[in-house]
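Every chain is numbered from 1 and lettered A, B, ... according to where its sequence line falls, protein lines coming before strand lines.
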Amino acid sequence: MNSHQPMKSQQQRVNRIWQVVQAIPAGRVASYGQIADLAGLPGRARLVGKVLGQAPKQMRLPWFRVVRASGQLAFAAGRAQAQEQKGLLQQEGVVVLGNRIKLDKFGWQPDLSEILGLEF
DNA sequence: ACAGTGACAAGTC
DNA sequence: AGACTTGCCACTG
């Protein structure tokens, strides 16, 4: 076992993902891959989808703010899940056209100016 | 052990 | 824009 690479339990990964998803501000959306990256799990976009599906409803996780990298909703247009997601997003002002969102308008990008220490 | 699956992504055509 | 391919990794039978 690589003792220099701390073993991360599956539960810890799940918790990291939930945290990041909670951090998405209302009115913006992020991609599965982006969530995975921010959670320190590059390349685990599919894991994010799985975890979202397993999250208990009572925790009020804003799962609907997570979409594909293309801006498409992850669910087929017209399916109940897609309709629900669309409705929740529109409630916070996100425009959903044909099962798709314009990421250049509504995509969430963690504030780089803060990370780089830039002032306004 | 191995093949199939999945709320994905990036590249190519 | 849409279809296909390959890479990805955890899970399941």
K.L.:
Could you work out the separation of C/dT12 and B/dA1 based on their C1' atoms and round it to a whole Å?
P.N.:
13 Å
K.L.:
Rounded to whole angstrom units, what separation is found between the CG atom of A/Leu88 and the P atom of B/dA7?
P.N.:
19 Å
K.L.:
Measure CD/A/Glu84 against P/B/dA7 and give the value in whole Å, please.
P.N.:
15 Å
K.L.:
Taking A/Ile24 as the fixed residue, which of A/Ile35, A/Val29, A/Leu38, A/Leu61 is the one that meets the side chain to side chain contact (heavy atoms under 4.5 Å, CB included) rule?
P.N.:
A/Ile35
K.L.:
Check every strand shown and say whether A/Arg100 touches a base, only sugar-phosphate, or nothing at a heavy-atom separation below 4.0 Å.
P.N.:
sugar-phosphate
K.L.:
Might you point out which heavy atoms bring A/Ala82 and A/Asn99 nearest each other, and give the distance in Å?
P.N.:
CB-OD1, 3.9 Å
K.L.:
Classify the nucleic acid contact of A/Ser70 as base, sugar-phosphate or nothing, counting any heavy atom under 4.0 Å across all strands shown.
P.N.:
nothing
K.L.:
In whole Å, what is the span from the CD atom of A/Gln72 to the P atom of B/dA9?
P.N.:
11 Å
K.L.:
Please report the distance, rounded to the nearest Å, between CZ in A/Arg65 and C1' in B/dA7.
P.N.:
17 Å
K.L.:
In whole angstroms, how far is the P atom of C/dG2 from the CZ atom of A/Arg68?
P.N.:
13 Å
K.L.:
Is A/Gly33 touching bases, backbone alone, or none of the nucleic acid, heavy atoms closer than 4.0 Å?
P.N.:
sugar-phosphate
K.L.:
Atom NZ of A/Lys102 and atom CG of A/Leu97: how far apart are they, to the nearest 0.5 Å?
P.N.:
7.5 Å
K.L.:
Taking side chain as C-beta onward, heavy atoms only, is A/Gln34 less than 4.5 Å from A/Trp108?
P.N.:
yes
K.L.:
Is A/Ser31 close enough to B/dA9 that one of its side-chain N or O atoms is under 4.0 Å from OP1 or OP2 there?
P.N.:
yes
K.L.:
Using the C1' atom in both, what is the distance from C/dG13 to B/dA7, to the nearest Å?
P.N.:
22 Å
K.L.:
In whole angstrom, give the distance that lies between atom CG of A/Leu73 and atom C1' of B/dA7.
P.N.:
10 Å
K.L.:
For A/Trp63 and B/dA7, what is the distance between atoms CH2 and C1' respectively, to the nearest whole Å?
P.N.:
9 Å
K.L.:
Starting at atom CD of A/Gln81, determine the distance to atom C1' of B/dG6, rounded to an integer number of angstrom.
P.N.:
14 Å
K.L.:
Keeping to residues at least two apart or across chains, list the side-chain hydrogen bond (donor to acceptor under 3.5 Å, both in side chains) pairs with something in residues 60-76 of chain A.
P.N.:
A/Arg65-A/Glu92, A/Gln72-A/Arg100
K.L.:
Measure across A/Phe64 and A/Leu89 and return the closest heavy-atom pair with its distance rounded to 0.1 Å.
P.N.:
O-CD2, 3.4 Å
K.L.:
Where do A/Gly93 and A/Phe106 come nearest, in terms of heavy atoms and distance?
P.N.:
O-CE2, 3.6 Å
K.L.:
Does the protein touch nucleotides 7-13 of chain C at the base, only the backbone, or not at all? Give it as B, S and - per nucleotide, heavy atoms under 4.0 Å.
P.N.:
BBSSS--
K.L.:
Pick out the pairs of N or O atoms, protein on one side and nucleotides 10-13 of chain B on the other, that lie under 3.5 Å.
P.N.:
none

K.L.:
What distance do A/Gln19 atom CD and A/Gln22 atom CD have between them, rounded to the nearest 0.5 Å?
P.N.:
9.5 Å
K.L.:
At their closest point, which heavy atom of A/Ala45 faces which heavy atom of A/Ala36, and how far apart are they?
P.N.:
N-CB, 3.9 Å
